[in-house]
Number of protein chains: 2
Amino acid sequence: MGDTPGVSEPALEEQIAAYQREFRDLDPQVEKIVSALSRLNRRMNVAYGRQTSELGISNAEWEVLKALVLSGAPYRLGPSDLAKRLGLTPAAMTHRIDRMVGEGLVTRERDESNRVRVIVELTPEGREKWLAAMRLASVFEEELLQDLSPAERAVLGEVLTRLLRRVEHSQPDAGGRLSDLD
Amino acid sequence: MGDTPGVSEPALEEQIAAYQREFRDLDPQVEKIVSALSRLNRRMNVAYGRQTSELGISNAEWEVLKALVLSGAPYRLGPSDLAKRLGLTPAAMTHRIDRMVGEGLVTRERDESNRVRVIVELTPEGREKWLAAMRLASVFEEELLQDLSPAERAVLGEVLTRLLRRVEHSQPDAGGRLSDLD
DNA sequence: AACCTAAACTTCGAAGCTAAAGAGTACATA
DNA sequence: TATGTACTCTTTAGCTTCGAAGTTTAGGTT
């Protein structure tokens with residue numbers, strides 16, 4: 001759900017120039033990296049969204065399928081665990097699972113050994129959808145990176161991983177309080 | 001609005017390993033870059049959200065303030081133009097502007113030379129909020145990139161710009177059909 | 001056994017977004 | 001002048017999410 005309308009922004013270079021006019025204390029190099037990251041992500045989500053809607057699901061549902069598949073066989077997780085991995089509240093998770101059960105992508109049942117718990121399990125249909133989405137996604141991703149040499153890919157991967165480690169470390173976890181927008 | 005709950009995911013390396021188990025045709029190098037980009041973005045939004053909520057606004061409102069400031073003096077744009085830049089529907093823009101007018105961040109008036117149009121203009125209070133948010137953001141961004149050498153920053157900025165150019169080119173614009181998340 | 005506390009999930013009400021329909025204005029053409 | 005068309009913004013209805021309260025179950029204490 002949550003289809004995103006088209007995006008139309010000024011060229012990145014112009015945007016950086018405008019930032020420098022309006023806020024002198026800004027390092028243009030830093031701003032370039034940050035702005036590019038943010039824009040890139042939004043465009044990628046638009047691309048993924050086109051693919052998932054082609055398959056009759058939403059990006060939101062694809063996220064759930066990914067989390068289940070990545071958890072490994074037998075592809076089961078509880079709603080709370082799913083919610084944490086996706087960065088959602090338990091309430092939102094409940095509703096999202098409702099929908100996905102209705103679409104046959106997952107099943108929901110009580111854990112008989114501990115009746116407070118619920119087990120969400122991927123169905124074969126759900127796994128098929130995930131696989132189809134992965135195929136489309138990997139084609140897009142390869143296209144996206146086609147201009148990068150192997151060396152550049154290696155450096156990019158390493159640098160991004162380092163940045164990620166830093167933020168994940170400074171946000172040990174727990175309640176983020178932040179806002180939407182990609 | 002749209003505060004994001006905390007995020008808790010398996011380590012990136014484990015996730016890549018799981019992808020390889022479940023989907024053989026995947027280039028781990030590509031997946032590493034793409035996953036890191038996506039996660040990094042989410043963490044950054046959490047960080048920005050903490051800062052904006054500290055200032056009594058939302059990330060969504062900050063996006064509007066940014067667009068107006070970046071448009072340059074006299075800091076005026078129409079709702080449609082704002083909606084395109086932010087990737088929102090006109091309807092959402094109407095409501096968001098409503099709120100921001102109520103909070104004194106912007107003003108809304110009809111364009112007397114063409115009464116179909118509306119002009120949204122940044123107020124001094126709005127500009128102050130933007131400036132305060134920028135100050136917090138630039139500190140965070142510098143911290144984020146502190147482990148990167150000047151050479152690495154240059155390469156990262158250049159490579160990301162190249163990727164961005166490629167997606168923006170392949171999505172000339174117009175109606176994206178995609179999904180939320182991040 | 002009765003009670004307390006914690007944990008997992010769901011329900012409820014409010015906020016924000018989308019898609020589609022509606023209303024107002026400008027401009028071209030007849 | 002009248003009409004048609006395009007454009008800009010707003011309104012309406014439905015969906016998804018959040019925050020907080022509520023329900024059910026497990027497990028430890030007295």
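In what follows, chains are A, B, ... by sequence order, proteins preceding strands, each numbered from 1. It should be emphasised that the depicted structure is a prediction, and the values quoted were computed from it without experimental measurement.
Within the structure, every pair that satisfies the ring pair (Phe, Tyr, Trp, His ring centres under 6.0 Å) test and touches residues 132-154 of chain B, not counting sequence neighbours, is listed here: B:Tyr48-B:Phe140. Every pair tested for ring pair (Phe, Tyr, Trp, His ring centres under 6.0 Å) that includes a residue from residues 86-110 of chain B fails, sequence neighbours excluded, so the list is empty.
Here A:Pro79 lies in heavy-atom contact (under 4.0 Å) with sugar-phosphate atoms only.
For the pair B:Asn59 CG and D:dC18 P, the computed distance is 14 Å after rounding to whole Å. Whole-Å rounding puts the B:Arg76 CZ to D:dT8 P distance at 18 Å. Rounded to whole Å, the distance from NE2 on A:His95 to C1' on D:dC18 is 10 Å. Straight-line distance from the CG atom of B:Asp81 to the C1' atom of D:dC7: 14 Å, rounded to whole Å. Look at CD on A:Glu103: it is 13 Å from P on D:dC15, rounded to the nearest Å. The interatomic distance linking B:Asn45 (CG) with D:dC18 (P) rounds to 14 Å, in whole Å. Between B:Arg96 atom CZ and C:dT18 atom C1' there is a gap of 13 Å when expressed in whole angstrom units. The CE atom of B:Met100 sits 18 Å away from the P atom of C:dA15 (whole-angstrom rounding).
Look at B:Arg99 and you won't find any side-chain N or O under 4.0 angstrom from OP1 or OP2 of C:dA14.
Placement of B:Ile119 and B:Leu82 in two distinct hydrophobic clusters is found when ILVMFWY residues are connected by side-chain heavy-atom separations under 4.5 Å, directly or transitively.
For B:Ala60, counting side-chain heavy atoms from C-beta on, the closest listed nucleotide (C:dA8, C:dC17, C:dT10) is C:dC17. For B:Ala91, the listed nucleotide lying nearest its side chain is D:dT11; candidates were C:dC17, D:dT11, D:dC18. In this structure, of C:dC17, D:dT11, C:dT11, it is C:dC17 that holds the atom nearest to the side chain of B:Leu88.
A salt bridge links A:Glu158 with A:Arg162: the closest approach of a Lys/Arg side-chain nitrogen to an acidic carboxylate oxygen falls below 4.0 angstrom.
Evaluation of the ring-ring contact (aromatic ring centres under 6.0 Å, His included) rule for A:Tyr19 yields no partner, not counting sequence neighbours. Taking B:Tyr75 as the reference, nothing meets the ring-ring contact (aromatic ring centres under 6.0 Å, His included) condition, with sequence neighbours excluded. With sequence neighbours left out, B:Arg127 forms a salt bridge (Lys or Arg N to Asp or Glu O under 4.0 Å) with A:Glu22.
Within residues 107-120 of chain A, the residues that place at least one heavy atom under 4.0 Å from DNA chain C are, in residue-number order, A:Arg108, A:Val116, A:Arg117, A:Val118.
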